[in-house]
Amino acid sequence: MTKYLMVAEKPSLANKISRALGGPSVENLRKRKSKCPLYEFSRGRSSYIVTSVFGHVFDIDFTNSSVKDPFDLFETQVVRKEIDYEVVMNLREAAVGCDSVLLWLDYDNEGENICYEVFGIVYDLIKRKNSIKRVKFSSFEYKSLREAFRKNRVPLDLDRSLSVDARRYLDLVIGVSFSRLLSKKLKTKNPKFRNKRITYGPCQTPTLGFCVKRYEEVKNNEQPYYLINLVTENGKVFVSTKKFNDYEEAKEVFNEVCSCENEMKLLKEKEKETTVKKPQKGMKTTTLMKLGSERLGLSPEKTMNYAQALYSSGYITYPRTETDKYPKDLEFDKLLEYFKATGKFQNLEYLDEINIPDGGTDKNDHPPITPCTFKNLPPETSKTSKTSKTSNKYKLYELIVNYFFASLHKDYRIKIQEFQSSFGGLEFALKNSYSEEPTFHQESNNCERISLDRKIKVKEAILHLEAPKYLTEGELVEKMEENSIGTDGSINKHIKNVIDRKFVQVNEKTRELIPTRFGLSIYKFIENVNCGLVEPEVRGEIANACRKICEGEDYEQQVDDICYKFMDRFRHLEEELNGDISNVLSDLNPAQKVRKSGPIESFSFA
């Protein structure tokens with residue numbers, strides 16, 4: 001009988017794999033409480049030991065990180081260090097007596113790197129050295145796991161793993177050396193920096209740069225203005241056609257509006273028709289992060305945490321993918337039948353014919369993010385919540401389901417009515433859209449045509465400030481993807497870093513990212529050095545070198561080339577820091593006062 005060791009990326013996934021493949025015969029070998037699971041089952045003529053890691057088994061660090069000159073870090077040896085000794089010993093214990101290994105790690109470059117970490121730990125204990133394989137899968141549905149187990153065993157790819165080694169090494173050496181240089185010099189020359197955490201990163205700093213550039217555009221080109229909005233009893237919002245640059249004038253007109261009766265007549269109507277396009281591609285990771293921020297008000301970090309939880313529970317496919325082209329073998333009919341039967345998704349009753357979009361790109365990693373036909377839907381409320389309020393995790397699940405089926409609809413036509421009216425001597429405008437056919441947007445299905453002779457009851461008047469728009473999280477995700485800043489698995493972490501390190505602050509309502517005076521000062525100083533450290537291309541160089549390694553080019557040459565470039569930039573920056581840096585000190589004045597869009601004052605009509 002052949003004995004296999006199977007390793008998953010997390011304990012919960014080890015449990016799912018064991019249940020999917022072993023059924024009721026699964027035995028839990030860890031009776032005592034332990035962080036590392038250990039299951040055993042038999043299948044045919046083979047037996048299987050199943051355990052897990054917790055992501056990366058090793059981290060990297062300098063053999064001597066206390067060098068006086070940060071430049072010497074470019075020449076300092078780097079070694080791998082165990083993150084958790086118990087995980088390493090568990091792998092070796094589980095591998096004893098095994099003939100071969102099947103690795104169930106995420107099918108991306110990061111997962112490939114973890115495969116080689118596990119491979120190195122158990123290699124000397126495995127009897128058949130050349131039979132170590134990994135399983136390619138994208139869903140934790142039991143059916144998908146069993147199918148992947150039978151059909152999708154692939155050899156390990158050393159080049160993919162080496163590309164991750166290169167990225168981790170370069171991020172460590174460049175990030176630590178430049179951060180120490182900046183921190184040491186700036187804190188010495190300016191006491192105001194002493195309690196600040198000053199860091200540089202080839203992803204972090206260009207990410208901050210996108211926020212700073214939009215901030216400067218806003219500061220230099222746009223001025224805030226005031227509008228008056230009228231909210232009707234059925235929720236429609238009429239907006240004043242006049243913009244007020246002066247608050248006192250706006251306030252005076254607002255008071256006049258509030259003194260009127262609450263009935264308004266429609267004066268003019270113009271109607272036009274347009275086509276609403278359905279999503280032309282499947283959902284990839286950056287699309288998910290962008291929509292999570294724009295529609296649900298979730299940070300990219302929270303979005304990905306919820307998505308990972310949904311994936312681990314079997315409700316959606318793998319959430320980290322650059323592919324947005326649907327595979328030909330995806331069972332669209334079965335998914336539609338399953339979700340229609342739940343009765344939870346109203347728009348599906350209008351989806352009688354599946355129209356598969358032909359757009360998108362296959363990046364040969366994972367298929368687009370789609371819902372799965374799990375045995376039940378995820379709970380709508382959180383277990384820890386004391387209210388019946390729908391949880392953010394379930395809202396994200398709904399977003400994924402609705403996006404997927406919207407992409408299978410056909411485009412539809414809507415009609416847009418444009419009205420003009422007068423109230424309190426001020427002209428107002430309203431746009432009302434409706435559709436005469438069922439659509440994939442529930443909002444459009446709920447909208448109706450408004451007749452010109454309808455009497456409008458005004459419920460509330462609002463004096464509203466319209467301020468210039470700063471960069472939103474969704475826009476930042478797009479810019480980072482376009483410029484190869486981070487990957488589908490790290491973009492959310494880079495955005496979180498610039499927030500946690502106080503370089504930008506978040507407007508929780510609009511998800512706009514506004515640079516702090518500290519972030520502005522650090523960024524502008526590095527930019528003025530003019531050594532290419534803040535531009536998106538600086539990360540592009542590293543990403544391009546890693547891509548070449550992934551395609552089989554020499555690891556040492558690509559890493560050395562990048563190091564030499566950054567060593568030159570380091571000396572250039574050091575020279576500037578040793579000179580007169582009064583420009584960065586003078587920039588410590590408070591940043592321009594940020595004016596946020598929103599209501600200033602409101603009045604309710606009786």
Side-chain angles (χ1 to χ4, degrees), residues 3-44 46-57 83-84 86-98 100-108 110-111 114-115 117-118 121-122 132-153 304-320 366 371-379 382-384 393 397:
K3 187 176 182 180
Y4 287 87
L5 170 65
M6 299 205 296
V7 183
E9 192 155 331
K10 292 182 179 179
S12 61
L13 308 186
N15 180 277
K16 275 189 166 51
I17 292 165
S18 300
R19 300 298 171 193
L21 302 180
S25 69
V26 174
E27 181 183 358
N28 186 353
L29 300 181
R30 281 274 154 77
K31 305 300 182 184
R32 60 183 174 81
K33 193 172 182 180
S34 171
K35 67 162 60 176
C36 301
L38 199 62
Y39 304 101
E40 184 177 24
F41 64 88
S42 296
R43 188 182 176 95
S46 301
S47 65
Y48 298 86
I49 298 291
V50 187
T51 189
S52 82
V53 290
F54 294 78
H56 276 286
V57 186
I83 295 174
D84 192 323
E86 185 179 343
V87 172
V88 175
M89 293 311 297
N90 172 69
L91 288 171
R92 291 190 61 79
E93 177 188 332
V96 173
C98 290
S100 189
V101 179
L102 288 176
L103 299 168
W104 294 76
L105 285 303
D106 291 340
Y107 196 73
D108 53 19
E110 208 74 32
I114 301 172
C115 280
E117 292 178 349
V118 175
I121 292 168
V122 304
I132 298 177
K133 297 286 180 68
R134 68 178 309 190
V135 182
K136 182 178 180 181
F137 65 102
S138 296
S139 166
F140 275 99
E141 290 181 291
Y142 282 8
K143 177 185 174 183
S144 298
L145 291 174
R146 288 191 284 266
E147 187 174 348
F149 174 75
R150 291 195 306 270
K151 299 180 180 179
N152 294 341
R153 301 184 189 187
M304 294 312 298
N305 287 342
Y306 289 136
Q308 182 65 37
L310 290 168
Y311 163 67
S312 298
S313 299
Y315 296 118
I316 64 171
T317 56
Y318 189 61
R320 291 180 177 84
H366 287 271
C372 297
T373 54
F374 199 55
K375 59 185 177 183
N376 50 35
L377 298 179
S382 170
K383 291 181 180 179
T384 58
K393 185 167 75 171
Y397 176 71

Q: Could you go through the side-chain contact (heavy atoms from CB on, under 4.5 Å) check for Phe137 and Ser144 one step at a time?
A: CA-CA 7 Å; Phe137 65 102; Ser144 298; over 6 Å; no
Q: If you apply the rule salt bridge (charged side-chain N to carboxylate O under 4.0 Å, His left out), what do you find for Glu9 with Arg134, and how did you get there?
A: CA-CA 12 Å; Glu9 192 155 331; Arg134 68 178 309 190; over 6 Å; no
Q: Check Thr51, Leu29, Asn15 against Tyr39 for a side chain to side chain contact (heavy atoms under 4.5 Å, CB included) and give me the one that passes.
A: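 Single side chain to side chain contact (heavy atoms under 4.5 Å, CB included) partner of Tyr39 among Thr51, Leu29, Asn15: Asn15.
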Q: What's the shortest heavy-atom distance between Pro319 and Ala307, and which atoms?
A: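 The answer is CB-CB, 3.8 Å.
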Q: Who pairs with Arg92 by salt bridge (charged side-chain N to carboxylate O under 4.0 Å, His left out), at least two apart in sequence or on another chain?
A: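 Arg92 satisfies salt bridge (charged side-chain N to carboxylate O under 4.0 Å, His left out) with Asp124 once adjacent residues are dropped.
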Q: So with a 6.0 Å cut-off around NZ of Lys10, is the heavy-atom count from everything else above 12?
A: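 Not more than 12 within 6.0 Å, no.
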Q: Kindly indicate, with the supporting measurements, whether the criterion side-chain contact (heavy atoms from CB on, under 4.5 Å) is fulfilled by Lys35 and Asp84.
A: CA-CA 11 Å; Lys35 67 162 60 176; Asp84 192 323; 2.4 Å; yes
Q: Identify the heavy atoms of Cys372 and Glu141 that sit nearest to each other, and give their distance.
A: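 Heavy-atom minimum between the residues: CB-CD, 3.4 Å.
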Q: Looking only at atom types and distance, does a side-chain atom of Lys393 sit under 3.5 Å from a main-chain N or O of Leu310, one as donor and one as acceptor?
A: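 Checking the backbone N and O of Leu310 against the side chain of Lys393, no donor-acceptor pair under 3.5 Å is found.
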Q: Do you know the tightest heavy-atom contact between Pro11 and Ser52?
A: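 Minimum heavy-atom contact is N-OG, 3.2 Å.
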Q: Just verifying a value: how many Å separate Leu13 CG and Leu105 CG, rounded to the nearest 0.5 Å?
A: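 If we round to the nearest 0.5 Å, Leu13:CG and Leu105:CG are 10.0 Å apart.
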Q: So, taking the atom named OG in Ser100 and the one named CG in Leu5, what distance separates them when rounded to the nearest 0.5 Å?
A: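 These two atoms lie 9.0 Å from each other.
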Q: Shortest non-hydrogen contact from Ser139 to Thr317?
A: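 That would be CB-CG2, 4.1 Å.
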Q: Compare all side-chain heavy atoms of His56 with those of Ile83 and state whether any distance is below 4.5 angstrom.
A: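 Yes, their side chains come closer than 4.5 Å.
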Q: So which heavy atom on His366 is nearest to which on Arg320, and how close?
A: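 Residues His366 and Arg320, closest heavy atoms: CD2-O, 4.0 Å.
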Q: Phe54 and Val87: side-chain contact (heavy atoms from CB on, under 4.5 Å), yes or no, with the steps?
A: CA-CA 8 Å; Phe54 294 78; Val87 172; 3.7 Å; yes
Q: So, for Ser18 and Ala14, which heavy atoms are closest and what is the spacing to 0.1 Å?
A: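 Shortest heavy-atom contact: OG-O, 2.8 Å.
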Q: Measure centre to centre between the rings of Tyr48 and Phe149, then say whether the value is under 6.0 Å.
A: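 That pair passes the under 6.0 Å test.
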Q: Tell me, with the steps shown, if Trp104 and Leu145 meet side-chain contact (heavy atoms from CB on, under 4.5 Å).
A: CA-CA 10 Å; Trp104 294 76; Leu145 291 174; 3.8 Å; yes
Q: With distance as the sole criterion, is a donor-acceptor pair present between the side chains of Asn152 and Tyr107 under 3.5 Å?
A: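 Side chains of Asn152 and Tyr107: no pair found under 3.5 Å.
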Q: Can you find a pair of side-chain heavy atoms, one from Leu21 and one from Met6, that are under 4.5 Å apart?
A: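 Yes. Closest side-chain heavy atoms under 4.5 Å.
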Q: Tell me every residue that passes side chain to side chain contact (heavy atoms under 4.5 Å, CB included) with Lys3, counting only those two or more places apart in sequence or in another chain.
A: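 Testing Lys3 for side chain to side chain contact (heavy atoms under 4.5 Å, CB included), a comparison that skips the adjacent residues, returns Ser47, Ile49, Cys98, Asp99.
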Q: Can you measure from CZ (Phe140) to OG (Ser12) and round to the nearest 0.5 angstrom?
A: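 Rounded to the nearest 0.5 Å, the CZ-OG separation comes out at 7.5 Å.
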Q: Measuring from atom CD of Glu117 to atom CG of Leu103, what distance do you get when rounded to the nearest 0.5 angstrom?
A: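 Here the interatomic distance stands at 11.5 Å.
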Q: I need the Leu38 CG to Leu91 CG distance, nearest 0.5 Å.
A: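 The distance works out to 10.0 Å.
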Q: Output the distance between atom OH (Tyr318) and atom OG (Ser138), rounded to the nearest 0.5 Å.
A: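 If I round to the nearest 0.5 Å, the distance is 9.0 Å.
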